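One structure below.
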Amino acid sequence: MPRMTAPARVLGVALSARWEGVGEPFTLVESPLPETLEPGEVLVEIELATVCGSDLHTVTGGRPAPSPGVLGHEQVGRVVAVGPGETPRCLDSTPVAPGLRVVWSVAASCLRCARCLAGMPQKCLHLRKYGHEAWDDERPLRGGFATHCLLMPGTAIAAVDESLPAEVAAPVSCATATVAAVVGAADPVGDGTRALVNGAGMLGLTAVAMLSAAGAHVVAVDPHPLRREQALAFGASEAEPAGRPVGEVDVALELSGATGAVQSCLDSLAVGGVAVLAGSVSPGPAVQLDPERLVRGLHRIVGVHNYHPRDLLTAVEFMTEHHRTRPFADLVAGRYGLTELDAAFAAARRGDAPRRAIAP
């Protein structure tokens, strides 16, 4: 029979850096930890979080989000308590128990709707996303910029090895898992594959590392010289400025959201090539698509948004195996407390590093 856990009782308080809306400073809010957890809930103490690009877009008004609320959806932490009932399990079947170091998916799915049953839990009809929920006095701990996060039922959880640095583990919840989904959608990738990666930010550099580890010849494209240098350090065979022809490729990944980069991906496909688009998460100008070229070239165009739970496990496994071979930890700069969120976001806007670390 499945192991059943007793109702968890927790004493203490949590601190959250609450976002009050565009143009408003963050507010440090104290709230009691839930004395009891509901079935399927997991309380995690956050070790480290990172500021994702979508957090930055929210704060600057480029992405709609309810306010007030707790932002942040890239983090690593340690389980404090588990709700009653059947013991939840990580993606590798490890039981979720107090003391376990974990990362978790950006969203919780109902696992019952038509989309979930069709194998698309990342697009659940009742999806709830960490760092994107309105403040709830009863259950306020729904984001990463806090001392604790209360995981909802239907959240994919992955165990994280103690050897993985927190700066590497935290972005796994969003950046690394998203890239795992993007690279997975481009399958097969291997020796002899010529791959284009448009955008050498956090996602692009991670994609370069994953593709090169699979044996691909990777061409990274970015307008910024420093990012092109970083791409070479992450395994790119070539690093080119935006707008320069790159030749035909078997795989084209678009991770910047720039319209010109999307067009470049479509125009660069060789016969049988696949373009995977993941950067275009905001409305923008349309691109040109030549249907005859698509048909005669046997091309595929795939969109990736959020990610499937299996991609989170792939991301953890990749980082566990490869984090020492590429400078992933160097992509996360600074270490800000919860009272320093405004400074952390100001630093993120400068763009000196792909991520800023928040240590509650």
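Note that the coordinates shown come from a computational prediction; the quantities given were computed from them, not determined experimentally. Positions are given from 1, in the same order as the sequence printed here.
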Would a distance-only check, ignoring hydrogens and angles, find a side-chain to backbone donor-acceptor pair under 3.5 Å from [X] to [Y]?
X: T60; Y: H57; answer: yes
X: E254; Y: S256; answer: yes
X: R142; Y: L150; answer: yes
X: Q263; Y: Q288; answer: yes
X: T314; Y: R310; answer: yes
X: S109; Y: L111; answer: no
X: D222; Y: R227; answer: no
X: D311; Y: A177; answer: no

Whether F26 and F145 hold their rings parallel, tilted or perpendicular, with breakpoints at 30° and 60°
perpendicular
Do [X] and [Y] have side chains that get closer than 4.5 Å, going by heavy atoms?
X: Y336; Y: L341; answer: no
X: W135; Y: S67; answer: no
X: V70; Y: L141; answer: no
X: S280; Y: V262; answer: yes
X: L294; Y: I301; answer: yes
X: L91; Y: P309; answer: yes
X: R194; Y: E248; answer: no
X: V102; Y: V42; answer: no

When rounded to the nearest 0.5 angstrom, what distance separates [atom1] in [X] from [atom2] in [Y]?
X: D136; Y: S31; atom1: CG; atom2: OG; answer: 10.5 Å
X: T50; Y: M202; atom1: OG1; atom2: CE; answer: 6.5 Å
X: R128; Y: E133; atom1: CZ; atom2: CD; answer: 4.5 Å
X: K129; Y: Q122; atom1: NZ; atom2: CD; answer: 10.5 Å
X: L43; Y: L151; atom1: CG; atom2: CG; answer: 8.0 Å
X: L277; Y: N198; atom1: CG; atom2: CG; answer: 10.0 Å

Working note: V274 + V302, criterion side-chain contact (heavy atoms from CB on, under 4.5 Å); need CA distance, chi angles, decisive distance, verdict.
CA-CA 7 Å; V274 55; V302 183; 4.1 Å; yes
[X] with [Y], same ILVMFWY side-chain cluster at under 4.5 Å:
X: W104; Y: L127; result: no
X: V82; Y: I46; result: yes
X: L266; Y: L253; result: no
X: V218; Y: V189; result: yes
X: L71; Y: V51; result: yes

Who passes salt bridge (charged side-chain N to carboxylate O under 4.0 Å, His left out) against E138, sequence neighbours left out?
none
Test: side-chain hydrogen bond (donor to acceptor under 3.5 Å, both in side chains). Region: [range]. Which pairs qualify, not counting sequence neighbours?
range: residues 317-326; answer: none
range: residues 342-355; answer: E74-R355, R350-D352
range: residues 12-30; answer: R18-E20, E20-T27

Evaluate whether atom CZ of R139 has more than 12 neighbouring non-hydrogen atoms of other residues, nucleotides or ligands under 6.0 angstrom away.
yes
Can you find a side-chain donor-acceptor pair between S173 and Y130 that sits under 3.5 Å?
no
Sequence neighbours left out, what pairs pass ring pair (Phe, Tyr, Trp, His ring centres under 6.0 Å) with at least one residue falling in residues 294-315?
none
May I have the list of side-chain donor-acceptor pairs in residues 328-335 shorter than 3.5 Å, sequence neighbours left out?
{"from": "R335", "atom 1": "NH2", "to": "E167", "atom 2": "OE2", "distance (Å)": "2.5"}

Looking only at heavy atoms, which two atoms of R78 and G99 are closest? And how far apart?
NH1-O, 3.1 Å
Is it true that E47 and R101 make a salt bridge, defined as a side-chain N closer than 4.0 Å to a carboxylate O?
yes
So does E340 pair up with R356, basic N to acidic O under 4.0 Å?
no
Working for side-chain contact (heavy atoms from CB on, under 4.5 Å), residues S268 and V219:
CA-CA 12 Å; S268 299; V219 182; over 6 Å; no
